[in-house]
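Residue numbers run from 1 in the order of the sequence given.
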Amino acid sequence: MSDRMRRLGDVIPLPASVRPVTDATFRTLPGTTVSAPPGLAAVAAHLGQPLADDGAIRLVLDPALASEAYRLEITAESVTLTGGSAQGVYWGVQTLRQLGPDLPAGIIEDQPRYGYRSAMLDLARHFFTPAEVEAHIDLLAQFKINHLHLHLTDDQGWRLEIPGWPRLTEVSGGEGTGCDGTGPGFLTLTEYADLVAYAAARFVTIVPEIDMPGHVNAVQVAYPELTADGEPVEPRTDAEVGYSSLVAAKEETYAFVETVLKTVADLTPGPYLHIGGDECHSTPAADYRAFLDRVLPLPGALGKTVIGWHEIAAADLPTGAVVQYWRIEPVDDAVARAAADGHQVIVSPADRTYLDMKYDADSPLGLDWAGHVDVRRAYEWDPAERLPGVGEESILGVEAPLWSETLRSVADVQYQTFPRLPAVAEVGWSPRDSRDWESFRERLAAFGPVWTAAGINFHRSPEIDWH
């Protein structure tokens, strides 16, 4: 980091406990060695330093710590990083990397507020290649984001190969798909599996979403037999929502859904499977409930925990189902009832966490239906105070979604993500009472030179005094 980033706690997210000990500094040089047990060798590699049996930087496992927790002890002569698991050590490595070569002496003891800290990338409205998604994962992991929700299907495109249903990708993943017809492409089974493995090596869990029963025009373009009358429908490349629906009364619907969900579950070792469920404006309420009664239990039968956008709370939820709140309204009775019944909630209100919202009126990209979301607005809110009836004990975590209606390149993704993603990351990780806007904006400013040097196309928000 820059010369300004020299205090022990000058990292994002802010650690739970920071205790400077002396004015001493540990200097990491190109030849500084790292020691690690065999199970941590891959984690140690992220430090970019040579391995040795008795390194000046020691990586240690201590199962007495929580899985994602770590303890960092720095003296003038050595660094000891202890984690409750390899994942905890990995998060400590991210802290070391942010502090840079000159490590202030002291002790950091850290663990996350929430276990689910996520970003979402919409591949349906505009496809991004596996290499582009992998580069995005690397940027997310620096801020201790541990889930990446991939929105794989929507009205404008279908982005995952499904055996037995080839037209999903041949037609609805091909040329002319995506918003304005500019985002073609799809993941093969091998590419998806490789992407999942790449993320897992960075302790990021992929959460795949197959949106249903709405947002399915791309499905029905490819397979007209899944429409209500069996007649073909036209491709859609606009950004409208709410007009398409699978048919709750047709058995063909469930044969299709079961095949798709089993394929995705088999490819995804992580615990979650997202089935969407939002904006089903053309689905009659009785049909919506009938569809969910059939579909919501399917992920559980496949060994997965089902997640759905908060509209699913209107249905009878199976045990363990997770509700993801995304709207801007300050009250949602159905979500509160779900929480009272023991269901966990992912909090991702559009007016605080949606990375596709414009920063301000002059933003060249993004939407504004949820208002403008500048960096301070993304930072100054609390998940446990967002919805009445959804308190701390009901919250699984937070997520920052990035929808791609206005995105056309990796540079666009970076511009909308940074610097707001670090704000949401700190909301999800750091203790509520320790968070402070002035501290955050100072720590955030030091990333300006880092991002510039790395060629990251970030938004130079006027809220931040960039170095």
Between Lys262 and Asp266, is the closest basic N to carboxylate O distance under 4.0 Å? yes
Which pair of heavy atoms, one from Ala411 and one from Asn457, lies closest together, and at what distance? O-ND2, 3.0 Å
Could you tell me whether a side-chain N or O of Asp211 sits under 3.5 Å from a main-chain N or O of Gly277, the two making a donor and an acceptor? yes
So, taking the atom named CG in Leu421 and the one named CG in Leu402, what distance separates them when rounded to the nearest 0.5 Å? 9.5 Å
Passes side-chain hydrogen bond (donor to acceptor under 3.5 Å, both in side chains), Ser348 versus Gln324? Steps please. CA-CA 7 Å; Ser348 52; Gln324 182 168 0; 3.1 Å; yes
Take Ile57 and Thr32, measure what side-chain contact (heavy atoms from CB on, under 4.5 Å) needs, and give me the verdict at the end. CA-CA 8 Å; Ile57 301 175; Thr32 301; 4.1 Å; yes
Do NZ/NE/NH1/NH2 and the carboxylate oxygens of Asp382 and Arg113 come within less than 4.0 Å? yes
To check you understand the geometry: which heavy-atom pair defines the closest contact between Pro422 and Ile12, and what is its length? O-CG2, 3.7 Å
Do Val295 and Met212 touch side chain to side chain, with heavy atoms closer than 4.5 Å? yes
Spacing of Asp62 atom CG and Ser85 atom OG [to the nearest 0.5 Å]: 11.0 Å
Distance-minimising heavy-atom pair for Leu387 and Val335: CD1-CG1, 4.1 Å
If I compare all heavy atoms of Gln111 with all of Ala66, which pair ends up nearest, and what's the gap? OE1-CB, 4.0 Å
Taking C-beta and beyond as the side chain, do Ile137 and Leu148 meet within less than 4.5 Å on heavy atoms? yes
Where do Thr80 and Val60 land on the side-chain contact (heavy atoms from CB on, under 4.5 Å) test, with the steps shown first? CA-CA 7 Å; Thr80 302; Val60 181; 4.2 Å; yes
Side chains of Leu14 and Arg435, heavy atoms from C-beta outward: is any pair under 4.5 Å? no
Least distance between heavy atoms, Leu273 atom then Leu261 atom: CD2-CD2, 3.6 Å
Is it true that a side-chain atom of Arg125 and a backbone atom of Leu407 form a donor plus acceptor pair closer than 3.5 Å? no
If we check side chain to side chain contact (heavy atoms under 4.5 Å, CB included) with Trp158, which of these qualifies: Leu123, Leu152, Val260? Val260
Chi angles and distances behind the side-chain hydrogen bond (donor to acceptor under 3.5 Å, both in side chains) call for Arg376, Ser461: CA-CA 10 Å; Arg376 188 166 188 169; Ser461 168; over 6 Å; no
Given 3.5 Å as the limit, does a donor-acceptor pair link the side chain of Arg408 with the main chain of Thr182, or not? no
Trp91 ring centre to Arg117 NZ or CZ under 6.0 Å, with the angle to the axis within 45°? yes
Evaluate the side-chain proximity of Trp369 to Met357: yes if any heavy-atom separation is below 4.5 Å, no if none is. yes
Full working for side-chain contact (heavy atoms from CB on, under 4.5 Å) between Trp309 and Glu279: CA-CA 9 Å; Trp309 299 107; Glu279 297 177 323; over 6 Å; no
Looking at Arg71 and Glu109, does any basic side-chain N land under 4.0 Å from a carboxylate oxygen? yes
Please determine, by modelled atom types, if Glu311 and Trp326 share a side-chain donor-acceptor pair under 3.5 angstrom. yes
Ring centres under 6.0 angstrom apart (His147, Tyr272): yes
Do the side chains of Tyr114 and Pro383 get nearer than 4.5 Å, heavy atoms only? yes
Tell me whether Thr268 contacts the main-chain N or O of Ala265 through its side chain, where contact means a donor paired with an acceptor under 3.5 Å. no
Working to the nearest 0.5 Å, report the span between CD of Gln416 and CG of Leu367. 8.5 Å
For a side-chain contact (heavy atoms from CB on, under 4.5 Å) check, start with the C-alpha distance between Phe186 and Leu168, then their side-chain angles and the critical distance, and finish with the verdict. CA-CA 10 Å; Phe186 64 91; Leu168 289 173; over 6 Å; no
Return yes if some donor-acceptor pair links the side-chain N/O of Tyr379 with the main-chain N/O of Asp436 below 3.5 Å, else return no. yes
So, the side chain of Gln156 versus the backbone of Cys179: is there a donor-acceptor pair under 3.5 Å, distance only? no
Students often mix this up, so state it plainly: with edges at 30° and 60°, are the rings of His151 and His149 parallel, tilted or perpendicular? perpendicular
Any donor-acceptor pair under 3.5 Å from Ser118 side chain to Glu399 backbone: no
Geometric class of the His310/Tyr325 ring pair [parallel <30°, tilted 30-60°, perpendicular >60°]: tilted
Pick out which of Arg377, Arg327, Lys358 makes a salt bridge (Lys or Arg N to Asp or Glu O under 4.0 Å) with Asp351. Arg377
Atom pair CD/CD1 of Glu73 and Ile108 - distance to nearest 0.5 Å: 11.0 Å
Value rounded to 0.5 Å, distance of CG in Asp110 from CG in Leu72: 9.5 Å
Please answer whether the main-chain N or O of Lys144 pairs with a side-chain N or O of Gln94 as donor and acceptor at a distance below 3.5 Å. no
Gap separating the CG atom of Asp374 from the CD atom of Glu380, nearest 0.5 angstrom: 9.5 Å
Is it true that Tyr415 and His459 share a donor-acceptor pair across their side chains at a distance under 3.5 Å? yes
4.5 Å side-chain heavy-atom contact, Val398 and Trp381: yes
May I ask you to say whether Asp10 pairs ionically with Arg443, meaning some side-chain N is under 4.0 Å from a carboxylate O? no
Say whether, by atom type as modelled, one donor and one acceptor occur between the side chain of Arg58 and the main chain of Ser35 under 3.5 angstrom. no
Step by step, would you call Asp360 with His372 a side-chain hydrogen bond (donor to acceptor under 3.5 Å, both in side chains)? CA-CA 5 Å; Asp360 54 42; His372 299 147; over 6 Å; no
Charged N to carboxylate O under 4.0 angstrom, Arg432 versus Glu385? no
Non-hydrogen atoms of Asn146 and Gly115 that approach each other most closely: ND2-O, 2.8 Å
Is a side-chain donor or acceptor of Ser404 paired with a backbone partner of His126 at a separation under 3.5 angstrom? yes
Mutual orientation of the aromatic rings belonging to Tyr354 and Trp403 [parallel < 30°, tilted 30-60°, perpendicular > 60°]: tilted
Is Arg386 paired with Glu329 through a side-chain N to carboxylate O contact shorter than 4.0 Å? no
Per ring-ring contact (aromatic ring centres under 6.0 Å, His included), Phe447 is matched among Phe418, Phe440, Phe143, Trp466 by Phe143
Suppose the criterion is ring pair (Phe, Tyr, Trp, His ring centres under 6.0 Å): which pairs have a residue in residues 24-76, not counting sequence neighbours? His46-Tyr90
Can you tell if the side chain of Leu296 reaches within under 4.5 Å of the side chain of Ile275, non-hydrogen atoms only? yes
Side-chain heavy-atom pair Leu96, Leu103 within 4.5 angstrom cut-off: yes
